[in-house]
Undergrad: 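Structure in structure tokens, see below.
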Amino acid sequence: PSAFSIHRAARLIVLLAALATVTHHVGAQAWQLDPTFAPVIVNDDISDAITNVIVMPTSDGRILLSGRFNRVDDVNVRSLARFNRDFTLDRSFAAELAPNERFVSAAPLADGRVLMAIDAARFDYRIVRLHADGRRDQSFSALAVTGPLQLWPLPGGAVLARGNFSLIGGQVFRGIARFDPSGTLE
């Protein structure tokens, strides 16, 4: 792809992210689009498109932005970024990914931690848990998954895993599984 098409795709993703972003008004229980949230999202690797950009509110009012990208607002950020309530990039959060790992999906947990699905090697999917600052939670054993998946936050802080898999962490789950608010497989 040409540099022009990559730049055009990046602008489109920024527009979609801005349109998809919502802020919650406490008390009124109403959701509104916020046109002021428009981070510049870039993937400099011309062999890999900007894909899977998902905007998710966290329990503390911040926003988790996930997808395949490597820069946000001229800051090196790989695949997972968090924004403060004032829509500035939260530089205290840096998702820990090894050089050979590829981001697949992520979902915030109620306590500020994040479940993240990765491809550790070609078709070697894993679910890991990150601390609130993005470091790997070493107390959480990475769960092997037999196929690609997406993670989605559920009401109450639980997370749904949906995809083309039959096992997670050695347990049989045919394409759907649920994690409790701490990230434990139910």
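Values reported hereafter were calculated over all heavy atoms of this structure, with side chains retained and with hydrogens, waters and symmetry mates removed. Index from 1, following the sequence.
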Undergrad: Once rounded to the nearest 0.5 Å, what's the spacing between atom CG of D137 and atom OG of S182?
TA: 10.0 Å

Undergrad: Quick one: closest heavy-atom pair of A120 and E101, and the distance?
TA: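 Looks like CA-CG, 4.1 Å.
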
Undergrad: What is the minimum heavy-atom distance between L149 and A161, and which atoms define it?
TA: CD1-CB, 3.9 Å

Undergrad: Quick check: closest heavy atoms across G112 and R82, and the distance to 0.1 Å?
TA: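 Between these two residues, the closest heavy atoms are O-NH1, 4.3 Å.
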
Undergrad: Apply the test side chain to side chain contact (heavy atoms under 4.5 Å, CB included) to residues F173 and V145: give CA-CA distance (whole Å), side-chain angles for both, the deciding distance (0.1 Å), then the verdict.
TA: CA-CA 10 Å; F173 290 93; V145 183; over 6 Å; no

Undergrad: Counting C-beta onward and ignoring hydrogens, is there a side-chain heavy-atom pair between V159 and L154 closer than 4.5 Å?
TA: no

Undergrad: Under the side chain to side chain contact (heavy atoms under 4.5 Å, CB included) criterion, do M116 and L97 qualify, and how do the steps go?
TA: CA-CA 10 Å; M116 183 170 68; L97 278 167; 3.7 Å; yes

Undergrad: How long is the straight-line distance from CZ of R102 back to CG of D119, given to the nearest 0.5 Å?
TA: 7.5 Å

Undergrad: How long is the straight-line distance from OG1 of T146 back to CD1 of I168, given to the nearest 0.5 Å?
TA: 7.5 Å

Undergrad: Which heavy atom in A177 sits nearest to a heavy atom in L160, and how many Å separate them?
TA: O-CD1, 3.4 Å

Undergrad: Any idea which heavy atoms bring S105 and Q150 closest together, and the distance?
TA: OG-OE1, 3.4 Å

Undergrad: Can you see which heavy atom on R126 is nearest to which on A142, and at what distance?
TA: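 Closest pair (atom of R126, atom of A142, distance): CD-CB, 4.2 Å.
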
Undergrad: With heavy-atom distances below 4.5 Å as the criterion, would you say the side chains of F179 and L185 are in contact?
TA: yes

Undergrad: Begin with the C-alpha distance, continue with both residues' side-chain angles, and end with the deciding distance and a verdict on side chain to side chain contact (heavy atoms under 4.5 Å, CB included) for F93 and V77.
TA: CA-CA 9 Å; F93 180 84; V77 176; over 6 Å; no

Undergrad: Using 0.5 Å steps for rounding, measure from the CZ atom of R71 to the CG atom of L89.
TA: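 If I round to the nearest 0.5 Å, the distance is 13.0 Å.
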
Undergrad: Are any non-hydrogen side-chain atoms of V172 and L167 less than 4.5 angstrom apart?
TA: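 Yes - at least one pair of side-chain heavy atoms lies under 4.5 Å apart.
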
Undergrad: Within the structure provided, determine whether L109 and R129 are in side-chain contact (heavy-atom separation under 4.5 Å).
TA: yes

Undergrad: Could you measure the distance from the CD atom of E96 to the CG atom of L80? Nearest 0.5 Å is fine.
TA: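 Separation between the atoms: 12.0 Å.
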
Undergrad: Under a 3.5 Å distance rule, please check whether D180 uses its side chain to pair with a backbone N or O of G183 as donor and acceptor.
TA: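 Yes: the side chain of D180 pairs with the backbone of G183.
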
Undergrad: Closer than 3.5 angstrom, by distance alone: can the side chain of R85 be matched with the main-chain N or O of D60 as a donor-acceptor pair?
TA: yes

Undergrad: I want to check something: taking the side chain as every heavy atom from C-beta on, are R136 and L130 in contact at a cut-off of under 4.5 Å?
TA: yes

Undergrad: Look only at the side chain of D111 and the backbone of R113, and say whether a donor-acceptor pair between them is shorter than 3.5 Å.
TA: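 Indeed, once roles are kept as given, a pair shorter than 3.5 Å links the two residues.
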
Undergrad: How far does CZ of R62 sit from OG1 of T88, to the nearest 0.5 angstrom?
TA: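 The OG1 atom of T88 is 10.0 Å from CZ of R62, to the nearest 0.5 Å.
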
